[in-house]
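Here it is: the structure, laid out below.
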Amino acid sequence: MKAVERAKLVRSLRQESRRLRLLVLVIGFFLVTLTFVVVTKPDALLFNLNGRLSVDQAPRSLLIRQRVDAAAAAAAAASRRSPDTLAAAAEDPKVVDGDSAGVEVNANANVGGASEDEKRVLTSEPEQGKKAEEATQSELLGGEDEEGRKGLRKGHQEDKEHKVTLPTVSNYTIHEATDDSDNGKQEDRKADAGSQLVTDVDQSNGGDRSHQPALDNIEWDKPLCDFSNFRANVCEMRGNIRIHPSGSSVMYMEPAGSMKDEQWKIKPYPRKGDELCLSHITEVTVQSSKVAPECTKYHDVPAVIFALTGYTGNLFHDFTDVLVPLFTTASEFNGEVQFLITDMAIWWTRKYAVVFEKLTKYPLIDFNKDNEVHCFKHAILGLHAYMEFTIDPLKAPQNYSMVDFNRFMRRTYSLPRDEVTALGEVPKTKPRLLIISRQRTRMFLNLKEIVAMAEEIGYEVVVEEANVNSNVAHFAKVVNSVDVMMGVHGAGLTNCVFLPHSAILIQIVPWGALDGICRVDFGYPAEQMGLRYKHYSIGVHESSLTDQYPLDHEIFKNPLAFHKNGFEFVRQTFMDTQNVRLDCNRFRPILLEALDQLNQ
């Protein structure tokens, strides 16, 4: 009996020993993984410190409320007025790339670690007297391309059809709303005798006021803000303008006899209606007034005020939310413009420092850390933005288009190729094909087979992975060196901005009725940039979803019906958990067509 008990005890101890060893292995694996993450990608841990939102947090359906009150009637009836409200929003699906990888951030987000060169680019107190070498408009944008503009108008018309009928990845809905709000509120204001506000004509701040009388007599005859655009609210004014960052205010000084009496509130980030995103953006008050804080700094160039954070960090949103709208808004000033940035992400401004250097000759002002009262003659609050990753030349200042933006990006990064060279012009040179690979989702499961097939056809194949840590200048040179670029729908395709004119972009569309989304995100923008676009939708047998669902499942019979389940379902099912096994026989004609086009 004792021997039996001893055997049981031994078996019990062995089991406990195995469990202990398994627990030690799990803990050890966790610690090794954590150490690797900290060493290689510390930015993943610092993400929330910047206050930015993940693209995955983008809501599917949100209500935009915008109110614009009617202009005041007369000064005599100014006792108490009932403001009318306007709703200027129209329903439009918005498209956001579902890249979870795109939200990683550079770990070097500490301002204190900035070098002397970085401090020159980023400072809260710019020295306006020091200007960089003057750049001409032709150097920034080059000649006009009428053919590109005509193509954009055509694409813009097609855009409108998809806006109403197709589900999108971000897919927030804009509804009309009438509600009382501070925006556009017309109310009587009286100066507080105990406050530090002073009338412009009575006080002096001891600075240079030689040009002040000219400002006092200018009347801006338009509303200070325009809330009619479905994508972004923009305020613009000329005259005597006081910008007081510490008070989060922009004040338009009314000339004597003016009855503007306007007040607006705006968050200068072009994701209008995305309340979750905008909840992290600083709200700025714009108002007309006859009293304001004294000026402490005078500027002879226009001001452009805009926000970062939001969804920046994802390559697609870097461009569609900031870089494209900033180019559209600021290029006309040819570098003679001062940027004031709210919710500044230092790492982001360093990443795109070369772009800022092309658009402005002045150091950036960190709006949230600046205590000056800046005086300008011309100010723009917010950025002009239209459809995703596009410019509408019919509405944009100076009729800029995506052809201009494509040219601007090539010149900003000093890329050598402006145009694709026809095959045969350079003997013994093969056309270059760039395949954008992915390592997390929407991967090519048979990448080697695809490369072999392309090389057999006659391509020189380059395979690169684009992610948030990629060096922009290096990747731009790689993209500019190729004739054809292909990849599965995702943020990496945003690099098409570096392709030479007339190059070919091939977008592989995953299974899930995502054709409309993909065309809006990259198809129309590519065509509007002067690129040649090809669209390849995979079949059921090319999707890894067949490993998860039976072939008679509704997800294959009617995938569009699943879009009713919302953005989260679309993202998780059709993007985050799907990979692509490209049918080379079926895809081969696409690459052959591209070769034929390169010969033309």
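Reckoned from all heavy atoms, side chains included, excluding hydrogens, waters and symmetry mates. Along the sequence shown, residues carry numbers from 1.
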Does Thr329 use its side chain to pair, donor to acceptor, with the backbone of Pro325 at less than 3.5 Å?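 Pair found, side chain donor or acceptor close to backbone of Pro325.
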
What pairs meet the salt bridge (Lys or Arg N to Asp or Glu O under 4.0 Å) rule with one or both residues in residues 497-507, with sequence neighbours excluded?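 The answer is none; no pair qualifies.
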
Is there a side-chain contact (heavy atoms from CB on, under 4.5 Å) between Thr573 and Tyr549 once you walk through the steps? CA-CA 11 Å; Thr573 303; Tyr549 302 93; 4.1 Å; yes

Measure the CD1-CD distance between Ile436 and Glu465 for me, rounded to the nearest 0.5 Å. 9.5 Å

How close do Phe522 and Gly490 get, counting heavy atoms only, and between which atoms?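 Scanning both residues completely, I find the closest heavy atoms to be CZ-O, 3.2 Å.
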
Could you give the distance from NZ (Lys557) to CG (Leu551), rounded to the nearest 0.5 Å? 10.0 Å

Dump the intermediate steps for side-chain hydrogen bond (donor to acceptor under 3.5 Å, both in side chains) on Thr282 and Asp343, then the final yes or no. CA-CA 7 Å; Thr282 299; Asp343 312 288; 2.8 Å; yes

Partners of Arg18 by side-chain hydrogen bond (donor to acceptor under 3.5 Å, both in side chains), sequence neighbours excluded? none

Take Val355 and Leu326, measure what side-chain contact (heavy atoms from CB on, under 4.5 Å) needs, and give me the verdict at the end. CA-CA 10 Å; Val355 178; Leu326 185 60; 5.7 Å; no

Side chain Lys272, main chain Phe227, donor-acceptor under 3.5 Å: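 Such a contact is found between Lys272 side chain and Phe227 backbone.
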
How far does CD1 of Ile590 sit from CD1 of Ile508, to the nearest 0.5 angstrom?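 One finds 8.0 Å between CD1 of Ile590 and CD1 of Ile508.
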
Which value, rounded to the nearest 0.5 Å, describes the distance between Lys534 atom NZ and Leu591 atom CG?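 That separation rounds to 10.0 Å.
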
With a 4.0 Å cut-off, would you call Arg432 and Glu460 a salt bridge? yes

Which atom of Thr441 lies closest to which atom of Met575, heavy atoms considered: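 Of all heavy-atom pairs spanning Thr441 and Met575, the closest is CB-O, 3.5 Å.
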
Check: Trp511 side chain, Ile555 main-chain N or O, donor-acceptor pair, under 3.5 Å: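 Checking the backbone N and O of Ile555 against the side chain of Trp511, a donor-acceptor pair under 3.5 Å is found.
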
So do Arg438 and Val580 actually touch side chain to side chain, heavy atoms under 4.5 Å? no

Report the residues that fulfil side-chain hydrogen bond (donor to acceptor under 3.5 Å, both in side chains) with His553, sequence neighbours left out, ordered by chain and then residue number. none

Determine, stepwise, if the pair Arg417 / Asp483 fulfils side-chain contact (heavy atoms from CB on, under 4.5 Å). CA-CA 10 Å; Arg417 300 177 74 213; Asp483 307 290; 2.8 Å; yes

Where does the angle between the aromatic ring planes of His384 and Tyr386 fall among parallel (under 30°), tilted (30 to 60°) and perpendicular (over 60°)? parallel

Could you go through Arg581 and Glu449, starting from their C-alpha distance and side-chain angles, then the distance that decides it, and tell me whether this counts as salt bridge (Lys or Arg N to Asp or Glu O under 4.0 Å)? CA-CA 10 Å; Arg581 189 180 296 103; Glu449 182 184 356; over 6 Å; no

Thr312 OG1 to Tyr352 OH distance, which is reported to the nearest 0.5 Å: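 Taking OG1 in Thr312 and OH in Tyr352, the distance rounds to 9.0 Å.
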
Please check: side-chain N/O of Arg271 versus main-chain N/O of Gly310, any donor-acceptor pairing under 3.5 Å?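 Side chain of Arg271 to backbone of Gly310, a donor-acceptor pair under 3.5 Å: no, none is there.
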
Side-chain contact, heavy-atom cut-off 4.5 Å: Arg519 with Tyr524? yes

Indicate yes or no: at least one non-hydrogen side-chain atom of Val482 is less than 4.5 angstrom from one of Leu433.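 Answer no - side chains too far apart.
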
Test side-chain contact (heavy atoms from CB on, under 4.5 Å), reference Phe389, set Val520, Asp321, Asp521, Val497, output is Val497

Least distance between heavy atoms, Lys477 atom then Tyr413 atom: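 What the structure gives for the nearest pair is NZ-O, 3.8 Å.
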
Is there a side-chain contact between Thr390 and Asp392 in this structure, where contact means two heavy atoms from C-beta onward sitting under 4.5 Å apart? no

I'd like to know if the side chain of Gln507 and the backbone of Cys518 have a donor-acceptor N/O pair within less than 3.5 Å.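 At least one qualifying donor-acceptor pair exists.
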
Once side-chain hydrogen bond (donor to acceptor under 3.5 Å, both in side chains) is applied, do any residues pair with Thr342, and if so which ones, sequence neighbours excluded?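 Once residues adjacent in sequence are excluded, Thr342 has no partner under the side-chain hydrogen bond (donor to acceptor under 3.5 Å, both in side chains) criterion.
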
For Ser502, what residues pass the side-chain hydrogen bond (donor to acceptor under 3.5 Å, both in side chains) criterion, not counting sequence neighbours?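 With sequence neighbours excluded, Ser502 shows a side-chain hydrogen bond (donor to acceptor under 3.5 Å, both in side chains) to Glu419, given in chain and number order.
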
Does a donor on one side chain and an acceptor on the other come within less than 3.5 Å for Asn406 and His501? no

For a quick test of reading the model, state the closest non-hydrogen atom pair linking Met485 to Cys496 and the distance between them. CE-N, 3.6 Å

Going from CD1 on Ile450 to CZ on Phe587, what distance comes out if it is rounded to the nearest 0.5 angstrom? 7.5 Å

Answer whether the closest heavy-atom distance between the side chains of Cys225 and Asn233 falls below 4.5 Å.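 No, their side chains stay 4.5 Å or more apart.
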
Determine all donor-acceptor pairs shorter than 3.5 Å in which one atom belongs to a side chain in residues 538-548; sequence neighbours excluded.
residue: His541; atom: NE2; partner: Asp583; partner atom: OD2; Å: 3.0
residue: Glu542; atom: OE1; partner: Tyr536; partner atom: OH; Å: 3.2
residue: Glu542; atom: OE1; partner: Gly539; partner atom: N; Å: 2.7
residue: Glu542; atom: OE1; partner: Arg586; partner atom: NH1; Å: 2.5
residue: Glu542; atom: OE2; partner: Tyr536; partner atom: OH; Å: 2.8
residue: Glu542; atom: OE2; partner: Asp583; partner atom: N; Å: 2.8
residue: Ser543; atom: OG; partner: Leu545; partner atom: N; Å: 3.0
residue: Ser543; atom: OG; partner: Gln578; partner atom: OE1; Å: 2.7
residue: Ser544; atom: OG; partner: Asn579; partner atom: N; Å: 2.7
residue: Ser544; atom: OG; partner: Asn579; partner atom: O; Å: 3.4
residue: Thr546; atom: OG1; partner: Ser543; partner atom: O; Å: 2.9
residue: Gln548; atom: NE2; partner: Thr577; partner atom: O; Å: 3.0

Quick check: do Asp404 and Phe327 have side-chain heavy atoms less than 4.5 Å from each other?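 Yes, their side chains come closer than 4.5 Å.
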
Looking at Phe498, is its backbone amide N or carbonyl O close enough to the side chain of Asn480 to form a donor-acceptor pair, meaning the two atoms are under 3.5 Å apart?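 Yes: the side chain of Asn480 pairs with the backbone of Phe498.
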
Quick check, are the ring centers of Phe316 and Tyr311 under 6.0 angstrom apart?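 They do not qualify: ring centres at least 6.0 Å apart.
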
Stepwise, does the side-chain contact (heavy atoms from CB on, under 4.5 Å) test hold for Leu383 with Thr328? CA-CA 8 Å; Leu383 300 176; Thr328 307; over 6 Å; no

Are the side chain of Asn599 and the backbone of Asp596 linked by a donor-acceptor contact shorter than 3.5 Å? no

For the side chain of Asn446 and the backbone of Leu582, is there at least one donor-acceptor N/O pair under 3.5 Å apart? yes

Is the backbone N or O of Met387 less than 3.5 Å from a side-chain atom of Arg231, with the two atoms forming a donor-acceptor pair by type?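 Pair found, side chain donor or acceptor close to backbone of Met387.
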
Could you tell me whether a side-chain N or O of Asn229 sits under 3.5 Å from a main-chain N or O of Ala385, the two making a donor and an acceptor? yes

Check Leu278 against Lys267 and note the closest heavy-atom contact, atom names and distance.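 Distance-wise, the nearest heavy atoms are O-NZ, 3.0 Å.
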
Would you indicate whether the side-chain heavy atoms of Thr421 and Thr429 approach each other to under 4.5 Å?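 Of all side-chain heavy-atom pairs linking Thr421 with Thr429, none is under 4.5 Å.
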
Do you know which two heavy atoms are closest between Phe574 and Leu514, and how far apart they sit?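 Heavy atoms only, the tightest pair is CB-CD1, 4.1 Å.
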
